[in-house]
Amino acid sequence: MLACVVFVPSAPLVVPELAGPDAVDTLEVRSAVRDAGALLARHASRWVAVGADDRIASARSGAGEAQASRSIPTTGGFGRFGVDVPVSLERAGDERASGRLPLAMLIAGWLREQVDAESVRPIVVDPDVRPDAAHELGRALAAEISADPEPIGVLIVADGATALAPKAPGGGRRDSAVELQQRVVEALGAADIGALRGLDVAACDADGVDGRAAWQVAAAIVGDTPTAAEVSYADAPFGVGYVVASWTPEDAR
């Protein structure tokens, strides 16, 4: 049973140890992410987390895959981002496979620990996956979640455009990126499934929107279920679009 869908950024800065004690400009997004995790945990202790694979791993596995075929470990750490904060996707975090967790799944594991959820099932998508493949994956996940008698939460870990400020990592501010990011925020804030499914692959690639595929999987998971949507944070610290939002099915409220 689908209990709730929560959207958070795929950004190391949400982890206090990585942001640093002086990062007051990220306090708001970190607080929103923590609150979103708490909301999801109130609805369900078992989560499915959907996020884009790291670009380097995606290039190795081949573009266009809806779900990564490589093994995903259950434990990992943020060492490559500066501070080795360990995380686990399960309360009993025995690692079942070698390799490193993609950033999106590190965020999912970290958030699970913050709110003491039971487990996270990782679903890693290639950031370049075709919309139709993302839709197929989402519908398959929806069927699995619907068949489970227990409440299941869905965590979407995804970033927006990378060209929203003069010093943004995507090459500075671009009007196209600002407009695209606004469409994403509006779609998440209205649970506009059609708008998310219609996100253009080339436009998202041009403006650095690696979250497109994960959002399209979420759209397919929810489908035509009546849903209450809310955006609790939408801004662009360091020129990258971060959105924290929630979708709650009407029958789960």
Side-chain angles (χ1 to χ4, degrees), residues 4-15 29-30 32-33 36-37 40 47-55 57-58 65-68 72 101-112 120-131 133-135 137-138 141 153-164 169-170 177 180-193 195-201 203-222 229-247:
C4 186
V5 183
V6 159
F7 302 82
V8 301
S10 180
L13 59 79
V14 305
V15 180
V29 64
R30 282 186 275 141
V33 168
L40 192 59
W47 300 352
V48 172
V50 181
D53 204 351
D54 295 341
R55 281 286 177 180
S58 172
E65 295 182 6
Q67 186 172 355
I72 302 296
L101 280 172
L103 174 58
M105 295 305 126
L106 287 174
I107 297 296
W110 174 82
L111 190 57
R112 181 205 67 78
V120 174
R121 175 187 171 190
I123 304 295
V124 180
V125 296
D126 190 298
D128 298 318
V129 71
R130 302 179 309 278
H135 180 75
L137 174 58
L141 290 171
V154 175
L155 177 66
I156 306 298
V157 188
D159 289 345
T162 59
L164 302 177
L180 177 56
Q181 184 65 25
Q182 184 59 37
R183 291 202 302 274
V184 168
V185 173
E186 291 174 355
L188 293 177
D192 190 335
I193 305 306
L196 292 174
R197 286 198 63 184
L199 288 173
D200 182 72
V201 175
C204 288
D205 286 348
D207 287 320
V209 182
D210 277 352
R212 172 194 59 82
W215 291 326
Q216 290 177 333
V217 171
I221 289 174
V222 172
E230 180 181 3
V231 170
S232 56
Y233 177 90
D235 208 338
F238 313 115
V240 179
Y242 298 144
V243 184
V244 180
S246 61
W247 292 354

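For this chain, numbers begin at 1 and follow the sequence in order.
How far CZ of R197 is from NE2 of H135: 4.0 Å, rounded to the nearest 0.5 Å. A distance of 7.5 Å separates CG in L111 from CG in L40, rounded to the nearest 0.5 Å. In this structure, CH2 on W215 lies 7.5 Å from SG on C204, to the nearest 0.5 angstrom. Of the inter-residue distances, the one linking Y242 atom OH with D235 atom CG reads 11.0 Å to the nearest 0.5 angstrom. Summarising the geometry, atom CH2 belonging to W247 is positioned 9.5 Å from atom CD1 belonging to I221; distances are rounded to the nearest 0.5 Å. The structure places CG of D205 at 8.5 Å from CG of D200, a figure rounded to the nearest 0.5 Å.
Side-chain contact between L141 and R121 is present, with at least one heavy-atom pair separated by less than 4.5 Å. A 4.5 Å side-chain heavy-atom check between V201 and P131 finds at least one atom pair inside the cut-off.
Checking V240, I107, V157, D159 one by one against P9, the side chain to side chain contact (heavy atoms under 4.5 Å, CB included) holds for a single residue, D159. Results of the side chain to side chain contact (heavy atoms under 4.5 Å, CB included) test with I123 over I156, V154, L137 single out L137 as the only residue that passes.
A49 pairs by the side chain to side chain contact (heavy atoms under 4.5 Å, CB included) definition with M105, A108, V120, L155, not counting sequence neighbours. Annotation: side chain to side chain contact (heavy atoms under 4.5 Å, CB included) contacts of A236 (sequence neighbours excluded): L164. With sequence neighbours excluded, the residues satisfying salt bridge (charged side-chain N to carboxylate O under 4.0 Å, His left out) with D207 are R174.
A donor-acceptor contact shorter than 3.5 Å is absent between the side chain of E230 and the backbone of S246. Not one N or O on the side chain of R112 forms a donor-acceptor pair closer than 3.5 Å with the backbone of G37. In this structure a side-chain-to-backbone donor-acceptor pair under 3.5 Å is present from R212 to P127.
Contact detail for V125 and A214: the closest heavy-atom pair is CG2-N, 4.2 Å. Of all the heavy atoms in A52 and A104, the pair that sits closest is O-CB, 3.8 Å. Shortest non-hydrogen contact noted between S10 and L103 is O-CD2, 3.5 Å. Here the closest non-hydrogen pair linking A213 and V129 is CB-CG1, 3.2 Å. Nearest heavy-atom pair, G211 versus A158, reported as atom, atom and distance to 0.1 Å: CA-CB, 3.5 Å. The heavy-atom pair separating A163 from G170 by the smallest distance is CB-O, 4.2 Å.
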*Go through the steps for V209 and T162 under the test side-chain contact (heavy atoms from CB on, under 4.5 Å), then give the verdict.*
CA-CA 7 Å; V209 182; T162 59; over 6 Å; no
_Between V14 and V8, does the side-chain contact (heavy atoms from CB on, under 4.5 Å) criterion hold? Intermediate values first, please._
CA-CA 9 Å; V14 305; V8 301; over 6 Å; no
*Using the side-chain contact (heavy atoms from CB on, under 4.5 Å) rule, take V231 and Y233 through it: C-alpha gap first, then chi angles, then the decisive distance, then the call.*
CA-CA 6 Å; V231 170; Y233 177 90; 5.7 Å; no
*Test side-chain contact (heavy atoms from CB on, under 4.5 Å) on V33 and V244 and set out the steps.*
CA-CA 6 Å; V33 168; V244 180; 3.8 Å; yes
